[in-house]
There are 2 protein chains.
Amino acid sequence: MKDPLLELPGYVLKRASAANLSELNQRLAPLRLRHGDAAFLLLIEASPGTTQSEVGRILEIERANMVPLVARLDARGWIEKRKVDGRSSGLFLTSAGRSVLARTRAIVDEHEAALIRRVPAKLRPYVLPILMALWSRPDPEEPK
Amino acid sequence: MKDPLLELPGYVLKRASAANLSELNQRLAPLRLRHGDAAFLLLIEASPGTTQSEVGRILEIERANMVPLVARLDARGWIEKRKVDGRSSGLFLTSAGRSVLARTRAIVDEHEAALIRRVPAKLRPYVLPILMALWSRPDPEEPK
DNA sequence: TATTGTTATACTCTATAACTATA
DNA sequence: TATAGTTATAGAGTATAACAATA
């Protein structure tokens with residue numbers, strides 16, 4: 001039985017993404033992390049002091065859904081909150097957090113390298129431009 | 001604030017897929033369908049008589065999760081089951097099913113066209129090959 | 001008025017174990 | 001023994017509404 005949807009880029013995009021996330025989650029499982037946690041830790045390291053609402057805006061995670069994510073990593077002693085005003089706190093990695101991030105980054109880097117290796121070398125330069133384009137908001141008019 | 005993860009193809013793949021599925025679900029909402037329903041209907045039309053377990057294998061949906069999907073479309077009068085043996089039934093579109101599929105296909109086609117239009121024309125021939133490659137099982141050795 | 005963090009809630013998607021009836 | 005359909009259940013991810021405290 002053949003899949004008749006393989007000609008649809010949107011469908012293949014979904015299948016590729018699902019397979020990739022599943023594989024990344026498996027790679028991260030030894031750390032009891034999931035891909036969302038890894039993205040969060042990488043983001044905090046890149047921009048220490050970012051608030052959880054800001055992280056949510058960047059990763060497009062609803063404010064309400066950031067709460068359990070932050071609480072979980074906080075409970076594991078990996079992040080630290082420092083009040084910036086009465087409402088919000090800047091987030092920082094603890095030393096334990098930096099330690100787990102180092103292992104996380106090694107896994108993510110190996111994962112990304114394995115992903116790109118699946119693409120024939122000649123096509124690799126087009127991978128990011130195409131994915132960014134597919135992600136972009138639609139063009140109002142057909143660009144030539 | 002900039003997203004430091006934009007250099008990671010796997011991350012951009014996930015974001016592109018999520019945005020695309022969200023948009024497709026919005027387009028399908030007037031029919032009260034979701035993208036999984038559309039894939040299912042397109043598949044049954046391409047291969048009438050396929051059993052729900054076979055559909056699940058093709059779309060990588062667990063047997064158990066096919067049950068409510070099939071029941072829902074059956075309840076709306078869009079598919080018909082014909083026993084092939086004591087255990088399983090082949091699935092077929094009813095005439096109402098073919099009618100809703102025609103509208104579904106129009107939406108999906110327009111959606112896919114809008115998706116590909118976001119990619120610069122020069123890069124479009126590489127979209128499917130790259131997505132298929134990203135989806136593929138890893139190569140055991142680096143191919144030159 | 002608007003924003004942050006929060007609680008509560010609900011829906012979708014996914015995953016597993018177990019049962020039955022049939023092959 | 002293996003497979004198809006099913007039930008039940010649990011974990012993720014996602015979405016909205018509402019509230020208190022603060023800006």
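The structure presented is a predicted model; accordingly, all values stated were derived computationally and were not measured. Convention: sequence-line order gives letters A, B, ...; per-chain numbering from 1.
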Salt bridge B:R32-B:D37, side-chain N to carboxylate O under 4.0 Å = no

Does B:E23 pair with B:R118 as a salt bridge, N-O distance under 4.0 Å?
-> yes

Given the rule that I, L, V, M, F, W and Y join up when any side-chain heavy atoms are under 4.5 Å apart, are B:L42 and A:V12 in one cluster?
->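 Yes; A:V12 is reachable from B:L42 via cluster members.
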
Closer to the 5' end of DNA chain C via nearest nucleotide, is it A:R57 or A:S22?
->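 It is A:R57 whose nearest nucleotide is closer to the 5' end.
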
Relative to the 5' end of DNA chain C, which residue comes earlier, A:S89 or B:G36, by the nucleotide with the nearest heavy atom?
->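 The residue closer to the strand's 5' end, by nearest nucleotide, is A:S89.
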
Starting at the 5' end of DNA chain D and moving along, which residue's nearest nucleotide shows up first, B:K14 or B:G90?
-> B:G90

Toward the 5' end of DNA chain D, by each residue's nearest nucleotide, B:P68 or B:S88 =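 It is B:S88 whose nearest nucleotide is closer to the 5' end.
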
Report the distance from atom [atom1] of [X] to atom [atom2] of [N], rounded to the nearest whole Å.
X	N	atom1	atom2	value
B:M66	C:dT14	CE	C1'	14 Å
B:N65	D:dA8	CG	P	15 Å
A:L91	C:dT4	CG	P	13 Å
A:L69	C:dT6	CG	P	12 Å
A:I79	C:dG5	CD1	C1'	13 Å
A:E62	C:dA10	CD	P	18 Å
B:L24	C:dC13	CG	P	11 Å
B:N25	C:dT12	CG	P	10 Å

Single hit among B:R103, B:R105, B:R117 for salt bridge (charged side-chain N to carboxylate O under 4.0 Å, His left out) with B:E110 | B:R117

When every nucleotide of nucleotides 18-23 of chain C is labelled 5' to 3' by its protein contacts under 4.0 Å (heavy atoms), B for base, S for sugar-phosphate only, - for none, what sequence of letters results?
-> B---BS

For the residue pair A:Y11 and A:D3, establish whether any side-chain heavy-atom pair is separated by less than 4.5 Å.
->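 They are in side-chain contact.
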
Testing C:dT6, C:dT14, D:dG5 for proximity to the side chain of B:Q52, the answer is D:dG5

Would you say the side-chain atoms of B:R82 pair up with the backbone N or O of B:G49, donor to acceptor, closer than 3.5 Å?
-> no

Would the number of heavy atoms belonging to other residues, nucleotides or ligands and lying under 6.0 Å from NZ of B:K83 be above 12?
->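 Yes - once you tally the heavy atoms of other residues, nucleotides and ligands closer than 6.0 Å, there are more than 12.
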
Mind checking B:K83 for me? I need base, sugar-phosphate or nothing, with any heavy atom below 4.0 Å counting as a touch.
->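 Touches nothing.
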
Examine D:dG5: is either OP1 or OP2 under 4.0 Å from a nitrogen or oxygen in the side chain of B:S53? Give yes or no.
->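 Answer yes for this pair, as a side-chain N or O of B:S53 is under 4.0 Å from OP1 or OP2.
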
